[in-house]
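Below, chain A is the first sequence line, B the second, and so on; all start at residue 1. It should be emphasised that the depicted structure is a prediction, and the values quoted were computed from it without experimental measurement.
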Amino acid sequence: MWKRFFDWLDERLGFNGMYKALLDRPEPRGNWWNTLGSASLVLFLLQGITGIFLTMYYTPSPDHAYDSITYIMNDVAFGWLVRGVHHWGATLMVLVVFIHMLRVFVSASFKYPRELTWIIGVGLLLATLGMGFTGYLLPWNQRSYWATVVGTQIAGTAPLVGEFILRALRGGTDLSALTLQRFFAIHIWVLPAVMTALIGAHLYLIIRHGESHWPKQND
Amino acid sequence: MNHDWKQKINERYEQELRKGEFFWPDSVFRDAIVALGLVILLLLLATFVGVPNEPKADPADTSYLPRPEWYFLFLFKFLALYGQIPLLGRVEWLATVVVPLLAIGLLLFLPFIERGRDRHYTKRAIPLAIMALIVVDMVSLTLMAEIPTVAPEDAPLGWKLAVALQPITGLAIPGVGLVLLLVLPKIHRNATWRTPAWIAGIGSGSMLVLTATILVLYGAFGPPPEKTEEVPVTLAEKILAGQDLYSIHCVECHGDDGKVTVIEGVEGLEGKQISPINSRDVLYTVNDASMVEIIAYGRPDSGMPPLGKQYNPEGLSKSEIDYIVLFMRYMWDDRFQPPAEVLQPLFPPLAAGEVPSYEVHIAPIVKRYCISCHRPGKDNNNYLMTTYEEVLFSGDNADKNVVAGDPNSYLLLTIQGQEILDAEGNVLIGVMPPRGTLKPDAIDALIRWVMNGMPRTAEEAARLTPTPTPTP
């Protein structure tokens, strides 16, 4: 019975082909440092899941953002846990992605034929930092508000285009409801979409070229 | 085109694959263990460390010291130190824009910058050494980010040294190291991988040692760490915080129970008619948002001053106004049931013969009934009551206000309804509090406290309390 069910599905979906292409791949002898990439992916997914839960209660407006988070922390069942995981997950993700980048640099895995994988990876590192920067404002507390004031100010010091960048980031000359709204949109729509696309390309390239081996004396 | 070297790399990889493993289950197993470890770590952090509490954002509060997220601190510190460089430091955008963009560009196009085909560390010592210096510099910049880049003129030598060492640690050492590494191939053609390794090792080691020195020096000679104010978390804590704020900012006109209809004894508002803010008329018709606005903007037509920080530099932050509104709702609005913790007595009741202490008994009374006027900027004969020392020693009549064991201390006389007259018989100090009287248990506590020599802590008070001799 199960066999027939499985065969029926396999005929339509092609499990076996997928298994061969995705899982049954030969790899060089691995080491624990090579787990950092998949760890980053797990953290990204975890941030996505907890983030989706948070948006069910979070309100991106200066009048209600802070109170909606207080509500999540105090009144929503396990809201404190979901927010806690999202908060610490952000910190951990920046760390893990950065160390992953260092690992790839040290083992020189960015060289032929994996140059594009590296460039996409740097894009993912920058997007992760962007996630951190935009997400930090959302609780709309003193710390996050003033951190964003300085952060955007620094971007505004660029010669010629500084004024434009500052206004584009803030949605005006000052931090306001517009800033919060656009940081929220970037945090939950733009960057996750960008990152999903980049992760897809990153994974495709990894499967295509295989995981690199740890360099030996003759490499 | 010559594809030989590509061929070689691919063959080399095939060779590694043959003595390798399979993605499933070998790699996936390790990945799963690490992922599981991270998830457990996150659950532990979320449960036992939690998310720090912060007050609501207040654009009017410009005194707040802004700081970016921890992973941007290194950049923040770099900018601060860069600003110290004479001449060059003034060109801000070099550090804020050019350096970060250059770093991102170098990182992004690294495969086209480091073009050698060698992968083993002995054959790419210089790039590895450069990266090591940069990463260690980022770590040490992050670690010393909290320390200001300028010390006051009269700071102790240790503090000044901690400040002076910062640019050396964060800019000079990595700068010299990078220059050395970049010119090394030009000046010393046959250098082995050991020379860059030594440069990186000495540079990183000295940066870390100096960072530790800076942190220790600043910890020992720098200013004492600022006390972080506790942010109320639970509803009860918020209501109590609101009550304390109400007792300072509102009580003069509205009275401690909010039922005042005619203002008495407030300069400029004497005899003004106001609506009792504890009444249903007010509480049922004004919602929380309007109440917040009234407190923040004031009621110019009825004489109420604005209390929001954006209109009043000594005013209240957004969070503080929220707490006052919570206090009014839960204490006066009959549709709300306050949590049990809020209804505790102001101070633990005193047993017969027990001596009260400032910290346990007196401070809550003073905070609730006296501080509103006895704080800086009010008409109070300079008698301030915000700390233990001030209660005992401040004011124009400091020698007579609170005298240990003296029942004629001004404090005790005035709270018991006796005015203090000067030589000509004019009223020098009226009864306290100016409107209404303290509850008998509060008066009793203050009398016992003064008569027993004003103990500060509960331990001191316990020592003064006579142990009752057990009756046979």
Q. Checking heavy atoms, do the side chain of B/E69, its backbone, both or neither come under 4.5 Å from chain A?
A. both
Q) Under a 4.5 Å cut-off applied to non-hydrogen side-chain atoms, are A/P215 and B/Y121 in contact? A) no
**Q.** Part of B/K123 lying under 4.5 Å from any heavy atom of chain A
**A.** side chain
Q) Are any of the side-chain nitrogens in B/E21 or A/R29 under 4.0 Å away from the carboxylate oxygens of its partner? A) no
Q: Could you look at B/D31 and say if it's the side chain, the backbone, both or neither that has a heavy atom under 4.5 Å from chain A?
A: both
Q | Contact class of A/H86 relative to chain B, heavy atoms under 4.5 angstrom | A | neither
Q: Return the minimal non-hydrogen interatomic distance between B/V51 and A/G84, and the atom names on each side.
A: CG2-CA, 3.9 Å
Q: Measure B/E114 against the heavy atoms of chain A and call it side chain, backbone, both or neither at under 4.5 Å.
A: both
Q) Between A/Y19 and B/W24, does the ring centre distance come in under 6.0 Å? A) no
Q) Measuring heavy-atom distances to chain B, does A/V149 have an atom under 4.5 Å in its side chain, in its backbone, in both, or in neither? A) neither
Q) Parallel, tilted or perpendicular for A/F133 and B/F72, by the 30°/60° rule? A) perpendicular
**Q.** Working for side-chain contact (heavy atoms from CB on, under 4.5 Å), residues B/L43 and A/W88
**A.** CA-CA 9 Å; B/L43 291 175; A/W88 285 104; over 6 Å; no
(Q) If you count heavy-atom pairs within less than 4.5 Å of chain A, which of B/V135, B/D26, B/V292 leads? (A) B/V135
Q: Looking only at non-hydrogen atoms, find the nearest pair between A/V42 and B/A35 and report the distance.
A: CG2-CB, 3.7 Å
Q | Per-residue contact mode, A/T91 against chain B (heavy atom under 4.5 angstrom) | A | both
**Q.** Contact origin within A/S38 toward chain B - heavy atom pairs under 4.5 Å
**A.** side chain
Q: Supply the atom-to-atom distance B/Y13 OH to A/S212 OG, rounded to the nearest 0.5 angstrom.
A: 7.0 Å
Q. Can you find a heavy atom in the side chain of B/P127 that is under 4.5 Å from one in the side chain of A/F105?
A. yes
Q. Between B/Y71 and chain A, which part of the residue has a heavy atom less than 4.5 Å away: side chain, backbone, both or neither?
A. side chain
Q) More than 12 heavy atoms of other residues, nucleotides or ligands under 6.0 Å from CZ of B/F112: is that the case? A) yes
(Q) Just checking B/E54: does its CD atom have more than 12 heavy atoms from other residues, nucleotides or ligands closer to it than 6.0 angstrom? (A) yes
**Q.** Heavy-atom proximity to chain B below 4.5 Å, by part of A/I119
**A.** both
Q) Side chain, backbone, both or neither: which part of B/V98 has an atom under 4.5 Å from a heavy atom of chain A? A) neither
Q) For B/L88, does the CG atom sit with more than 12 other heavy atoms under 6.0 Å from it, leaving out its own atoms? A) yes
Q. Who wins among B/K8, B/K56, B/M131 for the most heavy-atom pairs under 4.5 Å with chain A?
A. B/K56
Q. Side chain, backbone, both or neither: which part of A/I69 has a non-hydrogen atom closer than 4.5 Å to chain B?
A. neither
Q.
Which atoms of B/S319 are under 4.5 Å from chain A, going by heavy atoms: the side chain, the backbone, both sets, or neither?
A. side chain
Q. Does CH2 in A/W80 sit with more than 12 non-hydrogen atoms of other residues, nucleotides or ligands closer than 6.0 Å?
A. yes
Q | Proximal component of A/V85, with respect to chain B [non-hydrogen, under 4.5 Å] | A | both
Q.
For the CH2 atom on B/W70, are there more than 12 heavy atoms of other groups (residues, nucleotides or ligands in this structure) within a distance under 6.0 Å?
A. yes
Q: Name the region of A/H213, side chain, backbone, both or neither, that has any atom closer than 4.5 Å to a heavy atom of chain B.
A: both
Q: Heavy-atom distances under 4.5 Å only: say whether B/L110 touches chain A with side chain, backbone, both or neither.
A: both
Q.
Which one wins on heavy-atom pair count under 4.5 Å against chain A: B/A57, B/A46, B/G116?
A. B/A57
(Q) Counting heavy-atom pairs under 4.5 Å with chain A, which one of B/V49, B/V39, B/V28 comes out on top? (A) B/V49
Q) Which residue out of B/P68, B/P59, B/G20 racks up the most heavy-atom pairs below 4.5 Å with chain A? A) B/P59
Q | A/L92 side chain near B/L38 side chain, heavy-atom distance below 4.5 Å | A | yes
(Q) Could you check whether any side-chain heavy atom of A/Y112 comes within less than 4.5 Å of a side-chain heavy atom of B/N10, counting everything from C-beta outward? (A) yes
Q) Are B/R117 and A/D219 close enough for a salt bridge, meaning some N to O gap below 4.0 Å? A) no
**Q.** A/M101 side chain reached by B/L107 side chain, heavy atoms, under 4.5 Å
**A.** yes
(Q) Less than 4.5 Å to any heavy atom of chain B: does that hold for the side chain of A/D24, its backbone, both, or neither? (A) both
Q) Non-hydrogen atoms of chain B under 4.5 Å away: do they reach the side chain of A/L36, the backbone, both or neither? A) neither
Q: With a 4.5 angstrom heavy-atom cut-off, could you sort out which part of A/I154 is near chain B: side chain, backbone, both or neither?
A: both
(Q) If I measure from the heavy atoms of chain B, does A/L102 come under 4.5 Å with its side chain, its backbone, both, or neither? (A) side chain
(Q) For B/T122, which atoms come within 4.5 Å of any heavy atom of chain A: side chain, backbone, both, or neither? (A) side chain
**Q.** Leading residue by heavy atom contact count with chain A [cutoff under 4.5 Å; candidates B/N53, B/L45, B/V34]
**A.** B/L45
**Q.** Audit row: A/E27, B/S27, side-chain hydrogen bond (donor to acceptor under 3.5 Å, both in side chains) steps and yes/no
**A.** CA-CA 8 Å; A/E27 284 199 329; B/S27 300; 2.4 Å; yes
Q: Measure distances from B/L65 to the heavy atoms of chain A and classify the residue's part below 4.5 Å as side chain, backbone, both or neither.
A: neither
Q) What part of A/T70 gets closer than 4.5 Å to chain B, counting heavy atoms only: side chain, backbone, both or neither? A) side chain
Q: Could you walk me through whether A/Q142 and B/D61 pass side-chain hydrogen bond (donor to acceptor under 3.5 Å, both in side chains), step by step?
A: CA-CA 9 Å; A/Q142 281 285 71; B/D61 185 4; 3.0 Å; yes
Q) What part of B/L235 is in contact with chain A, defined as an atom under 4.5 angstrom from a non-hydrogen atom: side chain, backbone, both or neither? A) neither
**Q.** CG on A/L23 to CZ on B/F23, rounded to 0.5 Å
**A.** 6.5 Å
Q | Region of A/L43 in contact with chain B, defined by heavy-atom distances below 4.5 Å | A | side chain
Q. Which answer fits B/P52, side chain, backbone, both or neither, if we ask what part of it has an atom under 4.5 Å from a heavy atom of chain A?
A. side chain
(Q) Would you say CZ of A/F53 has more than 12 non-hydrogen atoms from neighbouring residues, nucleotides or ligands within 6.0 angstrom? (A) no
Q | Residues A/N34, B/R30; criterion side-chain hydrogen bond (donor to acceptor under 3.5 Å, both in side chains); working and verdict | A | CA-CA 9 Å; A/N34 288 20; B/R30 268 192 302 269; over 6 Å; no
Q: Please report the closest heavy-atom contact between B/L128 and A/V106, naming both atoms and the distance.
A: CD2-CA, 3.8 Å
Q | Contacting region of B/I33 [heavy-atom separation from chain A under 4.5 Å] | A | side chain
Q | Heavy-atom side-chain proximity of A/R143 to B/Y64 below 4.5 angstrom | A | yes
Q | Sidechain-backbone polar pair: B/R119 side chain, A/K111 backbone, donor-acceptor under 3.5 Å | A | no
